[in-house]
Amino acid sequence: MTPEIDEIFQAVKDRHGADSITRVEEMVYAKRQERHPLQKDAKWIMPGISQKPWHDPYEHPEIEPVVRAFEAGHGAIKQELAAAWSDRNSAFTDYEHYLTRQENWQALYLFRDGGPVESSAALVPTAYTILTREVVEQGKLCPLLESHFSTLLPGASIAPHCDLWNFSINLHLAIDIPEGCGITVAGETRQWQEGECLLFDYSFEHEAWNKGDRPRTCLLVDLWHPETTAPEREALVGLITEIRKLMG
């Protein structure tokens, strides 16, 4: 680590207490970390977070209002997304995962690079409004990551992988789901149900596929894991932002 990161951590502790970010410091400075075997390829595992791959979307008081808002808006979201998809050459781009880029995995971003993608507001106003009101303004979105419509073309698959860390959690709203689609997280396979949400810890190994005859689209939202605290979130943003600066 660097003196800049030490300063970031000290500033958080000065505001919130000496023990407020103990778990973050343990993640950064501990030589060995306990982790589930199916989290082995994740970069960062913060201790004290439940080793639980799948979550009930309604079980966390912080996340439940987000789930209900997106599910209530599904009909309008689907209509607006269909119109945006018809002009996908300009609205959608190849999805650039930190591990790879896929032409058969298309994305329309609502939040990226630390801020809202304002050009999407006119294309998908219902989703953009719900995301802004229920997630971004409430501090529930992990600003280190993003929110986007994720469209897998017929025949596309996402290879098994672990995402970077366990201190955020991935919400999926199923928008348009053909037969033959599925997602496996930590060895357990589930199917999206149109108009409903799935919630999972993507530090666990996961994969997805579309064996159907039309595109599969979900709205993905990177939320803070509900077991993290406000001081931890502040420290984590500072930590990862500084690391990204160092890495260019």
Side-chain angles (χ1 to χ4, degrees), residues 54-88 90-93 95-97 105-152 163 167-178 181 183 185 190-202 206 208 214-228 230 233 236-237:
W54 285 104
H55 291 243
D56 181 339
Y58 296 96
E59 73 176 285
H60 302 292
E62 178 179 357
I63 294 177
E64 181 185 4
V66 176
V67 172
R68 294 194 182 279
F70 277 124
E71 291 184 344
H74 169 260
I77 292 172
K78 183 176 181 179
Q79 289 183 342
E80 293 163 5
L81 190 280
W85 179 250
S86 68
D87 188 31
R88 62 186 180 275
S90 60
F92 283 75
T93 59
Y95 182 64
E96 297 183 49
H97 191 269
W105 182 1
Q106 295 286 293
L108 172 61
Y109 291 91
L110 303 182
F111 188 100
R112 194 181 193 192
D113 296 329
V117 180
E118 296 181 357
S119 60
S120 296
L123 293 171
V124 283
T126 300
Y128 189 91
T129 298
I130 293 172
L131 181 75
T132 300
R133 183 184 67 236
E134 300 290 341
V135 185
V136 177
E137 291 179 355
Q138 303 300 321
K140 299 177 182 181
L141 188 139
C142 179
L144 298 163
L145 295 171
E146 59 197 31
S147 175
H148 66 277
F149 286 98
S150 170
T151 298
L152 282 183
D163 281 339
F167 46 80
S168 62
I169 194 167
N170 203 209
L171 180 71
H172 285 202
L173 171 66
I175 305 296
D176 190 3
I177 312 297
C181 295
I183 179 171
V185 180
R190 298 189 182 184
Q191 280 73 42
W192 296 276
Q193 302 297 322
E194 191 167 309
E196 298 180 5
C197 288
L198 292 177
L199 183 67
F200 66 95
D201 180 341
Y202 45 8
H206 56 284
R214 69 176 192 275
R216 181 243 63 177
T217 299
C218 294
L219 175 60
L220 277 55
V221 185
D222 291 312
L223 300 166
W224 284 113
H225 196 291
E227 295 176 16
T228 58
R233 295 174 187 184
L236 289 164
V237 170

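Bear in mind the structure is a predicted one, so any value in this text is a computation, not a measurement.
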Reported [atom1]-to-[atom2] distance for the pair [X] and [Y], which is rounded to 0.5 angstrom:
X    : Y    : atom1 : atom2 : result
T151 : R214 : OG1   : CZ    : 12.0 Å
R68  : C197 : CZ    : SG    : 10.5 Å
L152 : W105 : CG    : CH2   : 7.0 Å
L199 : H225 : CG    : NE2   : 8.0 Å
C218 : N170 : SG    : CG    : 9.5 Å
T217 : L108 : OG1   : CG    : 10.0 Å

Can you confirm whether [X] sits close enough to [Y] that some side-chain heavy atom of one is under 4.5 Å from a side-chain heavy atom of the other?
X    : Y    : answer
V221 : H172 : no
I175 : I77  : yes
K140 : I63  : no
T126 : F70  : no
W85  : D176 : no
L220 : F149 : no
E80  : L123 : no
F111 : V136 : yes

Does the side-chain contact (heavy atoms from CB on, under 4.5 Å) test come out yes or no for Y128 and V117, once each step is laid out?
CA-CA 9 Å; Y128 189 91; V117 180; 5.6 Å; no

Does the pair E62 and R233 meet the rule for a salt bridge (charged side-chain N to carboxylate O under 4.0 Å, His left out), with working shown?
CA-CA 14 Å; E62 178 179 357; R233 295 174 187 184; 3.0 Å; yes

Side chains of S168 and Y202: any donor to acceptor distance under 3.5 Å?
yes

Any chance the side chains of S150 and R216 put a donor and an acceptor closer than 3.5 Å?
yes

Is the backbone of [Y] close enough, under 3.5 Å, to the side chain of [X] for a donor and an acceptor to pair up by distance?
X    : Y    : result
H148 : L110 : no
H55  : P57  : no
D222 : E146 : yes
S120 : Y109 : yes
E59  : D56  : yes

Run the numbers on V67 and Y58 for side-chain contact (heavy atoms from CB on, under 4.5 Å), then give the verdict.
CA-CA 7 Å; V67 172; Y58 296 96; 3.9 Å; yes

Which pair of non-hydrogen atoms, one from [X] and one from [Y], has the smallest distance, and what is that distance?
X    : Y    : result
L223 : L171 : CD1-CB, 4.0 Å
S86  : A83  : OG-O, 2.5 Å
W192 : C181 : CZ3-CB, 3.9 Å

Over 60° means perpendicular and under 30° means parallel, so tell me whether W54 and F200 are parallel, tilted or perpendicular.
tilted

Where do V185 and R190 land on the side-chain contact (heavy atoms from CB on, under 4.5 Å) test, with the steps shown first?
CA-CA 8 Å; V185 180; R190 298 189 182 184; over 6 Å; no

Taking the basic N atoms (NZ, or NE/NH1/NH2) and the acidic carboxylate oxygens, is any pair closer than 4.0 Å for K78 and E194?
yes

